[in-house]
Amino acid sequence: MGKTFYIETFGCQMNVHDSEKVAGTLLRCGYESVEDPEQADLVLYNTCSIREKAAQKVFSRLKQFGKVREKGKLFGVLGCVAQQEGEKIFEAAPHVNLVVGSASYSNLSRLVARLEQGERRVSGLSLDTEETFETEFTRRDHPFRAYITIIEGCDKRCAYCVVPFTRGPERSRTSASVLEEARQLAGAGYTEIQLLGQNVNSYRDPSAARLSFAELLAGVAEIAGLRRVRFTTSHPRDFGRDIVKVIEAHPALCNHVHLPVQSGSTRVLHRMQREYSLEQYLERIEWIRNACRPISISTDIIVGFPGESGADFEETITLLDAVGYDSVFSFQYSPRPNTAALHLPDSIPDEEKALRLRILQDRQRSIQLGRYQSRVGSVEEVLVEGRSGRGDHRGDQWKGRTTQNIVLNFSALGAAAVAVQPGAYWLVRVTEAGPNSLIGEAVQGPALSSTVAAAQPVLKSPFRIL
Ligand code: SAM
Ligand code: SF4
């Protein structure tokens, strides 16, 4: 075996996809991928620093290797912690050789070449860039769903958030290059595409075509072979009615919008520098709820932001009831370096944050259970992802996802037992509901199979079927 690398990813889908591009770049440079860090010549951690706990994870990983330093083994820290801590990482973990923030990934092959030539400490930390990380050498780690970055960085300045400091300024890709990548993926057999960005709907086409985000969505949705197009994350401030209209007009656009609210109190939203009020947020919810298709809505919420009173928190709970989210990602506020919220008075004690989080999650659990139970008896189309963890004496258990991005575990009996395959679309009757997923029985399929595995060139996709 020649040179080998191992990469571990922490954090969001943006990071997962960045790792796919980093892996593709290294494969192109002659490296081979291994699944065990012990066997790798180059061990990379693609890190997340959105909350303090996430940032600490990488240092505990690095410690595991600090003691056993094999000759010649190289370590790299990539992503948000790399950008945030910079060359201090070399002091904290002296066995680290490479520190690269995401805004410098387009230089990655040159930085790795310097390591190979014998330099012991190499960094890429400039945020002063207009470039996006575009590479045709992307290793695709998911067999049916492919990610496409349309916008990198963030120009908003939410008072709690490190992203503008760790990912740099907003840079959009040209619409032509996004559409070309989507066409290539459809040609390779992918049927589900997810467009990614910290704020996808802040997209600004830098080319003469000047497509709006909604026009770009339409362009992707019209590509032959694509059956499901998702996009995440949408910022409420930039969420226009045109996005709902384009979902209504294009069946390939999934019935799901992730629209992070963060708080149900306008006073807290103002302190968070979110640049919208609760009323403006609810107006957008109304546009979505009035669509001709039933669009599912999910959100992110932070509890215990400095100065959040009991009454502010109550407003967030009221919002949960008013909107009826199908899923909520909720977090305790975590103070982050460089952010404006560090200087706000009235911090909330950790025990109070934990209590509010528990109350919020309990409330959402019962809302979700009610919403999911109302689906019992309906027939949903799922994209089959693989076997389900649920053991069941009735036959094969499979896991799929509905267009609303809800997990539907189902059994396939009789002829269906041998016919269900990962990557296929099946119609499934919902028979039971829990707070986090649905249970059902296969009715009919496959409506359309994914043929990805047969179609992909090797460099582009050494699949790991999950
Ligand atoms: N750009 C998206 C938006 O503005 O809605 C969110 C992207 S951020 C990577 C994902 C989520 O992490 C945020 O929506 C927020 O709920 C959470 N988050 C960010 N900073 C946080 C902090 N300091 N403490 C707790 N949660 C945080
Ligand atoms: Fe962070 Fe706000 Fe930018 Fe989202 S919009 S990435 S929460 S700064």
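Basis for what follows: all heavy atoms, side chains included, without hydrogens, waters or symmetry-related copies. From a predicted model like this one, the values you see are computed outputs, not experimental measurements. Counting starts at 1 for both ligands and their atoms, in listed order. Throughout, residue positions are numbered sequentially from 1 according to the sequence presented.
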(message) Could you work out, for atom 8 (S) of ligand 2, the closest of Cys161, Cys12, Gly197 by heavy-atom distance?
(response)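 Nearest heavy atom to atom 8 (S) of ligand 2 lies in Cys161.
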
(message) I want to confirm something. Looking only at heavy atoms, which of Pro260, Ser202, Ala159, Cys154 is nearest to atom 3 (Fe) of ligand 2?
(response) Cys154

(message) For a quick check: using heavy atoms under 4.0 Å, what are the residues in contact with ligand 1, sorted by chain and number?
(response) Ile50, Arg51, Tyr160, Gln198, Asn199, Thr233, His235, Pro260, Gln262, Arg274, Asp300, Ile302, Phe331, Gln332, Tyr333, Ser334, Arg336

(request) Do me a favour and list the nearest non-hydrogen protein atom to atom 7 (S) of ligand 2 with residue, atom name and distance? (result)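 Nearest protein contact, heavy atoms only, for atom 7 (S) of ligand 2 is Tyr160 OH, 3.4 Å.
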
(message) Checking a contact table here: which protein heavy atom is nearest atom 4 (Fe) of ligand 2, and how many Å away?
(response) Asn199 OD1, 4.0 Å

(request) Take Asn46 and Ser19 through the test side-chain hydrogen bond (donor to acceptor under 3.5 Å, both in side chains) and record every step on the way to the result. (result) CA-CA 7 Å; Asn46 188 5; Ser19 289; 3.0 Å; yes

Check ion pair [X]-[Y] (N to O, under 4.0 angstrom):
X: Glu192; Y: Arg401; result: no
X: Arg227; Y: Glu381; result: yes
X: Glu385; Y: Arg145; result: yes
X: Lys353; Y: Asp350; result: yes
X: Lys245; Y: Glu248; result: no

At less than 4.0 angstrom from any non-hydrogen atom of [X], what atoms of ligand 2 do you find?
X: Lys156; answer: 5 (S), 8 (S)
X: Cys158; answer: 2 (Fe), 5 (S), 7 (S), 8 (S)
X: Pro164; answer: 8 (S)
X: His235; answer: 5 (S)

(message) Under a plain distance cut-off of 3.5 Å, with no hydrogens placed, do Tyr105 and Thr25 share a side-chain donor-acceptor pair?
(response) no

(message) For Ser49 and Gln84, which I'm curious about, is there any donor-acceptor pair between the side chains at under 3.5 Å?
(response)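 Checked: Ser49/Gln84 side chains pair up, N/O donor to acceptor below 3.5 Å.
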
(message) Closer than 3.5 angstrom, by distance alone: can the side chain of Asn97 be matched with the main-chain N or O of Arg121 as a donor-acceptor pair?
(response) no

(request) Answer yes or no: is there a donor N or O on one side and an acceptor on the other, between the side chain of Arg210 and the main chain of Asp205, under 3.5 Å? (result) yes

(message) One pair to check against side chain to side chain contact (heavy atoms under 4.5 Å, CB included): Gln262 and Phe305. What are the steps and the verdict?
(response) CA-CA 10 Å; Gln262 313 300 355; Phe305 187 73; over 6 Å; no

(request) Classify the contact between Thr233 and ligand 2 as side chain, backbone, both or neither, using a heavy-atom distance cut-off of under 4.0 Å. (result)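 For Thr233, there is no contact with ligand 2 at all, from either part.
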
(message) One residue to check: Arg274. Relative to ligand 2, which of side chain, backbone, both or neither has a non-hydrogen atom less than 4.0 Å away?
(response) side chain

